[in-house]
Amino acid sequence: IPEDVKEKILRFARAAIAVGQMKNKAYVNFGGVSMGGYGTYELITRYPGLIDAAVPICGAGDISKASLLSALPVWAFHGTADAAVDYNSDKALADAIVALGNPNFRFTTYEGVDHGIWYKAMSEPDMLPWLFSQNNGIYETKASYTAENGKAFLDVKIKIKFSDASKITVKANGKPVSMQTYTEQN
């Protein structure tokens, strides 16, 4: 691996570890209402390793991406009388996620309630404690590099598990890369 690419990998790894260290002390949760509910589903299917938990409220998502949510903690809320966002679309996605065996997925239905359910969802006594208890302690990220000559291509993947500081894995083109563990002193 060329020296400039090694340096990029090291900088990328340090940034990933710093984010991961912050993530172990903070919670990366996401939620939204209506179009924000759609956006929540879109974000968590695009970046499933980035978010600790999500709360889509009266939204819906792409059922073809349900497999990307097979483990992520999600608590979705929807009213059956919603005329703005189809309840059945959200329920179909919820059923698909449950069928995949996601033990961290919840779907709350409000019978006969229309689109304006955010006040009910946010008033659920267990919702906020549940949301802030979801910290997976794992940070994963990846990047690709192409040399200036366009010939060298490198995929870098980093996975950090905070319950065991020795579980920092850096791979380049699928092969482990040996490098010093980044600490606050570096």
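In this chain, residues are counted from 1 in sequence order. Because the structure is predicted, anything quoted here is derived from the model rather than measured.
Here the shortest heavy-atom pairing between P56 and V74 reads CD-CG1, 3.7 Å. Closest approach of Y38 to A60, counting heavy atoms only: CD2-O, 2.9 Å. Pairing each heavy atom of A66 with each of A96, the nearest pair is CB-CB, 3.9 Å. Annotation for A94 and F107: closest pair CB-CD1, 3.5 Å, computed over non-hydrogen atoms. Closest approach of Y41 and L69 over heavy atoms only: CD2-CD1, 4.2 Å.
One distance of note links OH of Y87 with CG of D82; it measures 11.0 Å at 0.5 Å rounding. Atom CG of D52 is separated from atom CD1 of I44 by 12.0 Å, given to the nearest 0.5 angstrom. Here the CG atom belonging to D90 is positioned 10.0 Å from the CG atom belonging to D95, to the nearest 0.5 angstrom. To the nearest 0.5 angstrom, D126 atom CG is 6.5 Å from R106 atom CZ. A distance of 12.5 Å separates CD1 of I57 from NZ of K120, quoted to the nearest 0.5 Å.
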Derivation and outcome, side chain to side chain contact (heavy atoms under 4.5 Å, CB included), residues K91 and D86: CA-CA 9 Å; K91 180 69 168 108; D86 183 38; over 6 Å; no

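Judged purely by atom type and a 3.5 angstrom limit, N104 uses its side chain to pair as donor or acceptor with the backbone of A71. Listed for the N102 side chain is a donor-acceptor partner under 3.5 Å among the backbone atoms of L72. Side-chain atoms of H78 come within 3.5 Å of backbone N or O of V85 as a donor-acceptor pair. A donor-acceptor distance shorter than 3.5 angstrom exists from the side chain of T40 to the backbone of G32, with no hydrogens or angles considered.
Using a 30° and 60° split on the angle between ring planes, W130 and W75 fall in the perpendicular class, above 60°.
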